[in-house]
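All remarks here apply to the structure that follows.
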Amino acid sequence: MVPKADRLKDIEFSKIRLLNQKVEELQAEGREMCTFTIGQPDFPTPQYIKDACTKALNDGFTGYGSYTGSLNFRQAVVDKYKRENGLEFSPDQVIASNGAAQAAYLVLTTFINAGDEIILPNPMYNIYDNIGKICGANIKHYSLKEENEFQIDIEELRSLVTDKTKMIVICSPNNPIGGILTKETLEGVADVVKDKNLLICSDEIYERLTFDGETAPSPALIPSLRNKTIIINGFSKAFSMTGWRIGYVIAPLCYMEPLTLHSGFQISGIATYNAEAAAAALNDDAKYHTVDAMRAEFEKRRNYFVSEINKTAHFSCLKPKGAFYIFMNIKKTGMTSNEFVDWLVENYGVAVVNGAVFGSEGEGFVRISYASSMEQIKKGCELLHEADKALTEMGR
Ligand SMILES: Cc1ncc(COP(=O)(O)O)c(C=O)c1O
């Protein structure tokens, strides 16, 4: 048998998917489960987007398209960023990808050589760690701590950046913590990198999902970061289109030549009918309200879940300002995150994700995805209260 390439030697399967497999096994045994593990909205894709896809298929959008995505798609992305994010780009700065995950792969593998330093958030959804390993990068992490409201500690970041640093990844709102980086934090990052020749890779996949009237500013809004920032975004979360696999990269013009060259081999363009549907998703202002309705429903669920968690003796959480995750502090249980996840699943049928799978700063936390029905959330909260009571009875 031919061994796998060396570049894959430290790569692991997603621990979240492994946990989901375990939940499915328990369900197959007849156990009733409350599952809060998956980062997938529980809404169907809005009908107007599905209609646009059907129309595109019927209109003959079935042949090869441009490697970077159709002009219609790229223009829709540009218009969206101008309208909603206050940023002006040209369609030549956009490349369509099969999901944000592939956008991340394109960006890192286009710029990172073996031995280059990259600095990633801890905790963080771990595609960047794995892609960084595939590139042979020297990976460092900055911490996002609850006591610091999950903002970047600018002095810690300053201590990590060297002349070998090629990229800093930021993600706001963040998976797993749901935190938003403030403009002041981004200005701090700008100060750290002001004399450095490096890239900021900004994962903005949750930027439409923010609450309490807040927005998640892009680092590209900070003038000195504008030409250093490569944006990664996609349709999975805001439009509930996880299975469609549509995302994109927006980069300063000076970086488009290598990205475009490389995308020709890595992506070769996305499905042409999907590109039409995605453009319709962004363009149809009135129908876009279906997306706002999903966001409002997430906000309602968040409010309920957070208030129930903070009524317990052993669990607590900050009120996350974005995405659809709660990062619940379980330190008072005296268990590790791994022990807690197993205990909760076995004894109460509630599945949550071990915070430590997102990095060492996630130890003592679990990630709860509230992309789940209100009925499930109410049941899950009842069970959490029972677990809390049992912990008190156990003398914890
Ligand atoms: C922060 C972050 N980036 C990227 C992705 C990948 O998204 P996509 O479905 O568009 O590949 C996810 C998915 O959970 C995510 O949480």
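Below, all heavy atoms of this structure are taken into account, side chains as well, without hydrogens, waters or symmetry copies. Throughout, residue positions are numbered sequentially from 1 according to the sequence presented. Ligands are counted one by one from 1 in listed order, and the atoms in each one are counted from 1 as well.
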Handout entry: Sidechain N-carboxylate O distance under 4.0 Å for Arg208, Glu84
Key = yes

How does [X] reach ligand 1, if at all, at less than 4.0 Å between non-hydrogen atoms: by side chain, backbone, both, or neither?
{"X": "Arg245", "value": "side chain"}
{"X": "Tyr206", "value": "side chain"}
{"X": "Cys171", "value": "side chain"}

Practice task
Would you kindly say whether Ser316 and Asn310 are connected by a side-chain donor-acceptor distance under 3.5 Å?
Solution key: no

Exercise for the section: Assess the side chains of Asn85 and Glu207: does a donor N or O sit below 3.5 Å from an acceptor N or O? Expected result: yes

At what distance is the nearest protein heavy atom to [atom], and which residue and atom is it?
{"atom": "atom 13 (C) of ligand 1", "answer": "Lys237 NZ, 3.2 Å"}
{"atom": "atom 6 (C) of ligand 1", "answer": "Ala101 N, 3.8 Å"}
{"atom": "atom 1 (C) of ligand 1", "answer": "Asp203 OD2, 3.4 Å"}
{"atom": "atom 7 (O) of ligand 1", "answer": "Ile205 CD1, 3.3 Å"}
{"atom": "atom 10 (O) of ligand 1", "answer": "Ala100 N, 2.7 Å"}

Counting neighbours of [atom1] on [X] that are heavy atoms of other residues, nucleotides or ligands and sit closer than 6.0 Å, is the number greater than 12?
{"X": "Glu156", "atom1": "CD", "answer": "yes"}
{"X": "Lys332", "atom1": "NZ", "answer": "no"}
{"X": "Lys55", "atom1": "NZ", "answer": "no"}

Handout entry: Per atom 15 (C) of ligand 1, closest listed option by heavy atom (Trp244, Tyr125, Tyr105)
Key = Tyr125

Completion exercise
Note: heavy atom closest to atom 9 (O) of ligand 1, options Gly247, Ser172, Ser236, belongs to Ser236

Exercise for the section: May I ask you to check whether Asn175 has an N/O atom sitting below 3.5 Å from an N/O atom of ligand 1? Expected result: yes

Exercise for the section: Answer yes if the ring centres of Phe298 and Phe43 are under 6.0 angstrom apart, and no otherwise. Expected result: yes

